[in-house]
Amino acid sequence: MKSQEVRNQFLEFFESKKHSIVASAPMVIKDDPTLMFTNAGMNQFKEFFLGNGIPKNNRLTDTQKCLRVSGKHNDLEEVGMDTYHHTMFEMLGNWSFGDYFKKEAIQWAWELLTDVYGIDKDILYVSVFEGAKDENLEMDQEAYDLWKDIVPEDRIIMGNKKDNFWEMGDQGPCGPCSEIHVDIRSAEDKAKVSGRDLVNADHPQVVEIWNLVFMQYNRKANGSLEKLPSQHVDTGMGFERLCMVLQGVKSNYDTDVFTPLIREIETITNSTYDKDSLPTDEEGKVSVAIRVIADHVRAVSFSIADGQLPSNNGAGYVIRRILRRAIRYGFTFLNTKEPFIYKLVETLSKQMRDAFPELKTQKNLIVNVIKEEEQSFLRTLDQGLVLLDNVIKETKGKIISGEKAFELYDTFGFPIDLTALILSEQGYELDEKGFKAELQKQKDRSRAASQVSAGDWEVLLEGTEEEFIGYDHLTTEVKLTRYRKVKSKKDGELYQLVFNKTPFYPEGGGQVGDKGYLEVPNGDVVYIIDTKKENNLIIHFTKNLPKHLDKTLTAVVDEKQRSRSASNHTATHLMHQALRTVLGTHVEQKGSMVHSGSLRFDFSHFAKVSIEELKEVEDFVNARIREQLPLQEQRGISYDQAISEGAIALFGEKYGDKVRAIRFGESMELCGGTHVKNTGSIWHFKITSESAIAAGIRRIEAITGDAAKEYFTSQSEAYGKVVSVLKTKDPIKAITSLQDENTTLKKQIEALLKDKAKNLKGELKSEFANVQGIQFLAKKVDLDAAGIKDLSFELGSELDNVFIVFGTEQNGKALLSCYISKNLVEARQLNAGQVVRELGKYIQGGGGGQPFFATAGGKNPSGIGEALDNAKQYLG
């Protein structure tokens, strides 16, 4: 059975059980501060489990793109080493929100697996929660009895809390679960060891394929459990593992989910995939590398398609790390020294575009981003090899410092396992304990900085639905419905407040959250410093609580900040239209950030936007501002109708059945942000910068309104000062003349310095001292860096066996240089780079270079003398 059929049959089966089929949510999460990526099928339904939203249908089914590479669910290091762990995978799921419970979930799971898919009942095992005395949790007798009616009791396994009690996190809905495991070993292996003894024992052919979670408790902040008012079902089945079973193979990588990619990798890299090889064999290492690349290109491609580009922080860093792991495996084990992973995107797109059309629409972007990342990291690997070689040369003995290895890893991105491999090949050993200690220090620093603890919600008004009225009102009377205290190292102690209605816009769609204040009946004011949305709740952040929690409060949005944000948000829509008009309809928004002071807009385009094109974009937007276009807003319109009317839906966003469409003239987009009532309110639009942020992605930053007025005022003042200083009405002509004059003077100075260096060279020859057969000189000179370098090389060419250290002071900064004859570098194992790094400490700086010539800069010129006095000790 082809994988496409497997997926379709699952969805059709649950559709026949009155479930609505919903689309996969983006793998990259934008509106949940607790997660970077979707790591389970239930993520997009958290608001329903928490009771903060009501689904259109209480029964849903889907296939969800998931990524597990960080936090509690981290499968990265297992990927490639075994045959069933992945970073990106599909999770097939069916959901009940207060509707059916254990009976239907268990019966339907068994019906689908055995009757529809035809899996042999004799190779299936099920597990049931055995209970946990420490939490006063009883065994899940109900699930046990239901399974007993279906399977022999010797196929029911009692599972502990780790395996059979599922939790959303430290707090929130949770409950016991029943897992279904499959044993696909040979008959000979089954005769030796029973499958039930291998369940949850990490056997590659006795694996869990489906987890049925029965959410019936809520975990509170103090760790205690309380029963949920409604019981829910949350199931997740590994699509790739299911395909392995149905296609009669022993590895996920032998299914048609992966074989097209593996064949393409074999062709491109001229390598051979041996599915039966051991990871420790030479053939096995090649096969592991191929599995890693096949898995990782999927994770990276889907992430980019969902809007997450590789970067140096947050979710972007995770994606970059996954891609670099794939590149490194190709570099080390497939001998690929040129980019090639980007070539696999075509195969992946053909294979999965029917189920996930974003792979087709975003294919060019994915290809270009991966190719650029490959080129960049391969350069890093080349640099890292040179740096590692220097570390080896500077090391006494055969053990390489873990601290030095960590510096290569942390600063230069050089993979630690590659470091260890190269060291072992050259007869060296890595201080792994030291490296792990440095890595742990970094993790501890990061964890401490980002750790947030939240108390339980204190509910004041039960069953109150929150209403956002901020499109029409900036002030309203509200009632506090719930609140909780949160603590973090970054922000300290804050309170999160939820009201029955609110005019405060929560951060989303690229727009920052509103700020403002609460008026309390006793005359106090509580300032709202930020507004965010979490699990469908609009949360207002304050530093203290209102004193009268049960009183009616007045919520007031900062009108000036809202107005500026609205102007900038509307300007992003107009600029999007302008870019598509000026550059072409290939332009798509790839991200935005709307503040009250400025706006940032990322878009797809494969060339630098010229000055003339930027001027056209500015003129286009300002023309729309002068036209004073009124806001045409459609709330609660169906998604299909909005698209049919020409609205643009942004990539990587998840839209509901009902949407909000914003139109200004010919610009129409789906958007939940705040906007001006008329484009004339924007006053003026000015682009302040244009740059590249990734392959095929450009970024424009711009200002409007008050910020534009301040910009033009400061520009005018600066121009006036220039005219005044130059004492001319034609400053451009005057500046051009000064530049020409400056060029002439520079040439004259260079000539004078060369003459000065020649004269100095003759004087210095007599100052060399013979130390153990080395011509040594350490002296402070009045030359710039270029002059010192020329002088050093000229002396080195005219004298033998020289070791020269020069110091100079330029513009309040210190400079040291070291020149060593090449024959001395080899014969005496001397290194100019090491010398200047050590001497650089005296001038409070550092540097480096080649073994025969290196320089160091520092901020302490007074230390030059001491550095020169200590230079002799490095003669060896």
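All values below come from the heavy atoms of this structure, side chains included, with hydrogens, waters and symmetry mates left out.
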Is there a salt bridge (charged side-chain N to carboxylate O under 4.0 Å, His left out) between K761 and E794 once you walk through the steps?
CA-CA 8 Å; K761 182 178 70 175; E794 285 188 28; 3.1 Å; yes
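- Residues F331 and F377 form no side-chain contact, since every pair of their non-hydrogen atoms from C-beta on lies 4.5 Å or further apart.
- Contact annotation: the side chain of H296 approaches that of V79 to within less than 4.5 Å [non-hydrogen atoms, C-beta and beyond].
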Report the C-alpha separation of F406 and Q442 in whole Å, then their side-chain angles, then the decisive distance to 0.1 Å, and conclude whether the side-chain contact (heavy atoms from CB on, under 4.5 Å) test is met.
CA-CA 10 Å; F406 180 76; Q442 184 199 57; 3.9 Å; yes
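- Put simply, the side chain of V802 reaches to within 4.5 Å of the side chain of F768, judged on heavy atoms.
- The main-chain N or O of A702 is never found under 3.5 Å from a side-chain atom of S598 such that the two would form a donor-acceptor pair.
- Under a 4.0 Å N-O distance rule, the pair E429/K398 does not qualify as a salt bridge.
- A distance-only check finds no donor-acceptor pair linking the side chain of E826 to the backbone of N823 [under 3.5 Å].
- A salt bridge links R837 with E394: the closest approach of a Lys/Arg side-chain nitrogen to an acidic carboxylate oxygen falls below 4.0 angstrom.
- Nearest heavy atoms, R320 versus P310: NH2-O, 3.6 Å.
- Side-chain atoms of E741 and T744, non-hydrogen and from C-beta on, never get closer than 4.5 Å to each other.
- F803 pairs in a side-chain contact (heavy atoms from CB on, under 4.5 Å) with only one of the listed residues (V825, V835, L777), which is V835.
- Looking at F603 and R699, their side chains never come closer than 4.5 Å, going by heavy atoms from C-beta outward.
- Contact check for E866 versus L839: no side-chain heavy atoms found under the 4.5 Å cut-off.
- Checked by atom type and distance alone, the side chain of E690 never pairs as donor or acceptor with a backbone atom of I700 at under 3.5 Å.
- Side-chain contact between I416 and L430 is present, with heavy atoms from C-beta onward closer than 4.5 Å.
- Contact record, K343 with P339: CE-O, 4.4 Å, taken as the closest heavy-atom pair.
- Between V292 and A326, the shortest heavy-atom distance links the atoms CG1-CA, 4.1 Å.
- Taking the charged nitrogens against the carboxylate oxygens, D530 and K515 have no contact shorter than 4.0 Å, which rules out a salt bridge.
- Judged purely by distance below 3.5 Å, without hydrogens or angles, the side chains of T704 and N568 pair a donor atom with an acceptor atom.
- The aromatic rings of F793 and F852 stand perpendicular to each other, their planes meeting at an angle above 60°, with 30° marking the opposite boundary.
- Although no hydrogens or angles enter the test, the distance criterion places a donor-acceptor pair under 3.5 Å between the side chain of S610 and the main chain of E613.
- Of all non-hydrogen atoms in S792 and Y819, the two that sit nearest each other are CB-CB, 3.9 Å.
- Side-chain atoms of T395 come within 3.5 Å of backbone atoms of V391 as a donor-acceptor pair (strictly under, hydrogens ignored).
- Contact check on K543 versus E493 returns no salt bridge, with no Lys/Arg side-chain nitrogen under 4.0 Å from an Asp/Glu carboxylate oxygen.
- Taking 4.0 Å as the cut-off between side-chain N and carboxylate O, K615 and E612 do not count as a salt-bridged pair.
- With S714 contributing its side chain and E710 its backbone, the two residues share a donor-acceptor pair below 3.5 Å.
- With no hydrogens or angles considered, no side-chain donor-acceptor pair links D730 and T728 at under 3.5 Å.
- No hydrogens or angles considered: nothing links the side chains of N742 and Q739 as a donor-acceptor pair under 3.5 Å.
- Between T380 and F414 there is no side-chain heavy-atom pair separated by less than 4.5 Å.
- Listed here is the closest heavy atom pair of L614 and I687: O-CD1, 3.8 Å.
- In K779, the NZ atom is not crowded: 12 or fewer heavy atoms of neighbouring residues, nucleotides or ligands sit closer than 6.0 Å.
- Across all their heavy atoms, A405 and T419 have their closest contact at CB-CG2, 4.4 Å.
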